[in-house]
Structure formats: C-alpha cells, structure tokens
Amino acid sequence: MADVGATGAEIRATRIEKAKTLQAQGMNPYAYRWERTHTAAVLQEKYAHLAAGEAVGDRVSVAGRIMARRVFGKLAFFTLQDDSGTIQLYLDKQTISQGMGEAAFADLKHLTDVGDILGAVGTLKRTEKGELSVVVESYTMLTKSLLPLPDKWHGLTDVEKRYRQRYVDLIVNPHVRDTFRKRALITAAIRRYLNEQGFIEIETPVLQAEAGGAEARPFITYHNTLEMQLYLRIATELHLKRLIVGGFEKVYELGRIFRNEGISTKHNPEFTSIEIYQAYADYNDMMTLTEAIITTAAMEVLGTLKMTYQGETIDLTPPWRRVTMHDGVLEATGIDFRQLSDLAAAKTAAQKVGVKDLDTCDTIGRVLNEVFEQTVEPTLIQPTFVLDYPVEISPLAKPHRSQPGLVERFELFIVGREHANSFSELTDPLDQRQRLEEQARRKAAGDLEAHSVDEDFLTALEHGMPPTGGLGIGIDRLVMLLTDSPSIRDVIAFPLLRPESAGGQV
RNA sequence: GGGUCGCUAGCUCAGCGGUAGAGCACUCGGCUUUUAACCGAUUGGUCUUGGGUUCGAAUCCCAGGCGACCCA
C-alpha cells in the first residue's frame, strides 16, 4: 500500500486494503453487534465530578464513529461520536498491549481512520487537560468506513451536497441532528396534546380519485389494475369531514401532503400538515386550540414562549392579536374595502398603493386578498390571527354569521408567513354544492388550482354534518420557526432535488 | 417563468489569457497529555458539460447541467 495518492478513489482503495488486513487478522471489519454499557452523554454526566487527572476503575464499553484522531508515538486520542454526544478515547500503547497484544497499538495507528465505527472497552479517567476519557484496554472495528469525511474544521457547507448527502451532513453537523430531534419532539408533543384532549388520529387516503380540499395542483399517478388515473392528496380535509359526518367528534391527521408546485425556501412538493376537526366548535374555538398547540410545541423544544427567529424577537405568549382582513388592509393602506362596491374602483385603489398582479382578480374579494397578501402579510411578525375572508376564496368555509360576503375563517401569521388556516366549516350541503360548482367553472376556464367537485363528499354532507371547527397547521413551517431554520429544506431530512444526472448530458 | 451569483484536489477555498495552487484530509517517518495536536517528507486535478474566440482558455464568448438567492 505504499505510494498511495490522495484522490477519492485512492483513499477508498487504501481503506479497502485496511479492511482486508483487519479481516486477515481475524477482525471482521463489519461486525454483527456490540454490547455497549454507556452512551457518551451518560458517561459525561455520570463522571462529571471527576477532577482533571483523576481516574476510576469502573469498566465501561462504548461505541461510535471516530471523528478525530490525534496520534503520538505511543499514545493516541480519538474523539468518538455517538447519537448522544462525544467521548474521548485515551489509547496508550502499554494498556492496549496488555489487553490485546503487542501489535494492537500499531494496528490502531495504521488500520483505523476518521469515519470508522469503533467499539472500545476500558476504564475512565479525566485527562490532565480536563477531557473525560475511556482508557482503552481493547477495541474492535465495528464498521470500516471507505470514504473520507469532509474537512474537520470547515465541515460540509456546500448546501447542495448537504441536501444530496444528508447522511454526511448529519455526521459532521451536530446542529442538523438537533433540528430533526426537535422536529420529532414537536410532532410528538402535538399528538400527545391532542390525544389528551380526546382527539383521535385517523389516517385517510393519499391516493384519491379527486384531489380536493385545497387550491393546488395535484400529482397524478396511475393504478394499473383499476386502470384509472389517481391523484396524490393535496389536503386531508374532505375525508376528515366525512369522519365527522360518521360520528367522530374530534379527529385529526398529521401526515404528508403533495402539491405539484414550485420549490423554494418555503415550499417543498411534499410537506407535512396537521388537520384537526372538532364537532360543535367554531373558528373562535379553533383560535384557542391553535394557541394551545403551538405554545405546547414551543415549550417542548424551547422551554419558553419568548424566542428569536432569524434575529427577530417573537413573543408567543397568548392571547395573540386578532384583526379582521378588512381592518388589517385599512391600517396598512388606508383603503376601506367595506366602502367599495365596484370592482374597477377596488382595482384602482389597490394600484394606487402599489399592489401588482391584479389582472386575474375578477371580484372585489380577490382584490382585497391580493392587497392583503402584498401589503399586510409581510408585516405580521408577531403571531396574528387574520379573520373573516372573502367567500369567493374560501369555498369550504361557513358564511360569516353577521358579515355578508365574508366567511368565518382565520389564518395565523408569524414572521410574515402563514402558519395555520381555519374555518367554521361549511355544513350546508346545497351551499357547498354551489361553491364547488363555481370552482369547477373556474377550473374549466383554465384555473389549474381551482377545487374539483367531490360528489361523495357532497353526499356525506347531505347526511348531515354537525357544526364543526376545522384547523390546519403547516408542520414544516412550525418546525422552521421553532428551530430558527431559514429554509424548509433544513427541516425536511431529504428535500426534493433534481437528480444530478438529469437532463441534457450530451 | 425572469434576474443575479456559484460550480477548481475527498473537504474548505485561492487563482480570472501564458506550465494547476494553499490549508485540512490521505501516505511515509518522528513524537506518551492531545482536543483544528505538532515537526518533517511525499502525494493528490477530465478546473460542471459541450461548442467557440485565441499562437495559447480554469480564466473571454455562446449554449447546456446542477444549485443558491431575489423577483413573479
């Protein structure tokens, strides 16, 4: 193995040789199991009291990946990383020779690399420099790594490589593992809270004959035996409502949604939402529930409701501000849409305050929404419920009990982004049919995101759905908020990327 | 969809018309208290792909690929 170079291929070849050498010495470089007594974090805590230079005879067994090697003539220090943290291995020639024979220390120097997964048995001591260490009596190669890890100091920073090779990102960037641990804590805390409140989680179909429940373009797939086109769900709404019709009074589903739309720092084609439906409740109850869920999640991972996101201070302490869409727009622009009854006048007023892209707005309500999105949304940094949306952009929401032309709907905004969407659900089957048929007309006229008519859903409503409050929360955005992550790709383990080999290789 | 920027050694980056560079990693030698260990010696490249301009292209031009950011 003399004269090896340092290209990736050469490093790999060298390591394969090392694995063969280990094998020839009777050590399987791909072991079956390891009996571990302690994780790194448990050791660090249990022996926190050891003073520098102090040693104890307790024999422990650890395992993990070698993240750093500092090798001297007859002494070496390895940093071993496991799921819980890191622990230093103190490897001196004399101790290892006693445990494993004369050649063991030289083998350690020549046959192990950063990246290998090692098991080690030994006693504990805190070195004179203050690092808790396992004084190794014997070690075992558990897995020989063939590929080098990124630069130990700079790590892996290339975002494309981080997403494409997330396993490397996770090995060398500890905060990435933290983010996904927190994501798991958040979803677990939300489920625990809802279960305690008497909600049950029911899984509804991902494959659907009609993709309904939201304004979005679906993914299309094909079932061979049925010989039919199917859609991946764009929402869980219409099936969860069927369950309310069926007599469940508190249901939810936390799961994957698919929308065939653009990719950005805030959008991944598959993402996770939770939708929650509660019989005999309205959107006011849902606001309280939203506050409870998000504060529960925040306390779980942050332990406080006062937090920062990308340098901005956010206070999640309820109750959160509530403002109607009309009042929000009036505040931001001086335009009072309640005084406007003419589409052209509404557009003129909107243009006057710098709102663009009004061409497709064919009703005053849609103009209002456009003005809201462009002038108010980005300013809603602290948690804010925006209430009472135009009926034409809310085809599944119940008409407002006192405001004609509006529905009982709110969206929650934090750091200028939508985090939740909720209605007093529309339960009148005839009104619902009219609204969906209007959507179907828009779809026929070329609106790719318009709702489709789901006849079975309408039939369910005709059997009678109790008054119901519904709520959807975007889990990825919530995790972004609570982990201070700037991009949705930071909270999705394997975000969708175009394959490197795709396209016009000549 | 439009604009801007990026892609050079395993990793992080220089080089911007004249023989392809550094640090870390790798390999070899030395070293029993390191933690970005240190000292010494090597080694490592289809400069994202394809065209073009030029005596000469990593560098300039055109087109493609992949990504990042901003805008829609």
Side-chain angles (χ1 to χ4, degrees), chain A residues 1-18 21 40 44 52-55 66-81 85-97 105-106 108-116 125-136 145-165 168-169 171-173 261-267 310 354-360 370 373-374 378 448 486-490 495-506:
Chain A
M1 116 178 67
D3 259 349
V4 285
T7 64
E10 285 164 334
I11 291 171
R12 180 169 175 272
T14 304
R15 291 191 175 197
I16 289 173
E17 280 308 307
K18 291 178 180 178
T21 305
Q44 297 286 4
E54 198 179 342
I66 301 171
M67 296 304 290
R69 283 169 22 109
R70 296 174 289 281
V71 180
F72 299 77
K74 299 189 179 67
L75 176 69
F77 300 92
F78 286 9
T79 302
L80 206 65
Q81 171 174 283
T86 61
I87 182 84
Q88 179 168 269
L89 300 184
Y90 179 104
L91 304 136
D92 76 286
K93 186 175 180 183
Q94 199 185 342
T95 308
I96 286 181
S97 298
F105 189 77
L108 186 81
K109 283 207 280 191
H110 291 106
L111 300 179
T112 67
D113 289 289
V114 168
D116 292 351
K125 96 174 199 181
R126 189 173 296 282
T127 63
E128 273 149 47
K129 296 287 163 59
E131 189 73 37
L132 183 67
S133 309
V134 175
V135 180
V136 176
S145 147
L146 300 183
L147 299 174
L149 288 177
D151 188 289
K152 65 187 170 192
W153 183 242
H154 299 97
L156 186 67
T157 59
D158 183 291
V159 286
E160 184 175 353
K161 284 206 181 80
R162 286 186 48 223
Y163 298 145
R164 286 193 197 280
Q165 294 190 282
V168 178
D169 191 29
I171 290 168
V172 300
N173 292 323
E261 292 168 353
I263 297 176
S264 77
T265 47
K266 294 168 203 74
H267 300 87
Q310 300 296 296
V355 174
K356 292 172 289 189
D357 304 307
L358 294 162
D359 300 349
T360 58
E370 202 61 47
E373 285 184 4
Q374 292 183 39
L448 294 167
S487 168
I488 196 170
R489 295 182 197 102
D490 296 328
L496 186 67
L497 296 180
R498 196 188 291 272
E500 284 173 297
S501 56
Q505 291 290 332
V506 181

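Protein chains get the first letters and strands the later ones, always in sequence-line order, with residue 1 at the start of each.
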- State whether the distance check finds a donor on one side and an acceptor on the other, under 3.5 Å, for side chain A/Asp151 versus base B/G23.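 Side chain to base: pair found, below 3.5 Å.
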- Does A/Lys125 make a side-chain donor-acceptor contact with the base of B/U33, cut-off 3.5 Å?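 Present.
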Taking [atom1] from [X] and [atom2] from [N], how many angstroms apart are they, rounded to a whole number?
X        : N     : atom1 : atom2 : result
A/Ile66  : B/C26 : CD1   : C1'   : 15 Å
A/Trp153 : B/G10 : CH2   : P     : 23 Å
A/Glu131 : B/A36 : CD    : P     : 10 Å

Is there a Watson-Crick or G-U wobble partner for [N] with both distances under 3.5 Å, and if so, which one is it?
N     : result
B/U12 : B/A22
B/G50 : B/C62
B/U42 : none
B/G1  : B/C71

[N] to [M] separation - [atom1] atoms, rounded to the nearest Å:
N     : M     : atom1 : result
B/C16 : B/A20 : C1'   : 13 Å
B/A22 : B/C5  : P     : 30 Å
B/U59 : B/G2  : C1'   : 28 Å
B/G52 : B/G15 : P     : 29 Å
B/A36 : B/U12 : C1'   : 13 Å
B/C7  : B/G64 : C1'   : 14 Å

Please determine, for the side chain of [X], which listed nucleotide ([options]) has the closest atom?
X        : options             : answer
A/Thr127 : B/U33, B/G10, B/U27 : B/U33
A/Pro150 : B/C11, B/G10, B/C70 : B/C11
A/Leu75  : B/G65, B/U33, B/C31 : B/U33

Any side-chain N or O of [X] below 4.0 angstrom from OP1/OP2 of [N]?
X        : N     : answer
A/Lys18  : B/U27 : yes
A/Arg69  : B/A25 : no
A/His110 : B/C26 : no
A/Arg162 : B/U12 : no
A/Thr79  : B/U35 : no
A/Lys152 : B/A25 : yes
A/Arg70  : B/U35 : no
A/Lys74  : B/C31 : no

- Task: Check whether any side-chain heavy atom of A/Leu75 lies under 4.5 Å from a side-chain heavy atom of A/Leu91, and answer yes or no.
- Result: no
- Gap separating the OG1 atom of A/Thr79 from the CG atom of A/Leu89, nearest 0.5 angstrom: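 A/Thr79 OG1 to A/Leu89 CG: 8.0 Å, rounded to 0.5 Å.
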- Query: Taking atom CD of A/Glu17 and atom CG of A/Leu111, what is their separation to the nearest 0.5 Å?
  - Reply: 11.0 Å
- Cation-pi geometry met for A/Lys74 and A/Phe105 (6.0 Å, 45°):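 Verdict for A/Phe105: no cation-pi partner in A/Lys74.
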- Decide yes or no on side chain to side chain donor-acceptor pair (under 3.5 Å) for A/Arg69 and A/Thr112, but give the supporting numbers first. CA-CA 9 Å; A/Arg69 283 169 22 109; A/Thr112 67; 2.7 Å; yes
Using a 4.0 Å heavy-atom cut-off across all strands, classify [X] as base, sugar-phosphate, or nothing.
X        : value
A/Gly262 : nothing
A/Val172 : nothing
A/Lys356 : sugar-phosphate
A/Leu149 : nothing

- Examine the side chains of A/Arg126 and A/Ser133 and answer whether a donor and an acceptor come within less than 3.5 Å of each other.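 Judged by distance alone, the side chains do not pair up.
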- Query: Side-chain donor-acceptor pair under 3.5 Å between A/Thr7 and A/Glu10, yes or no?
  - Reply: yes
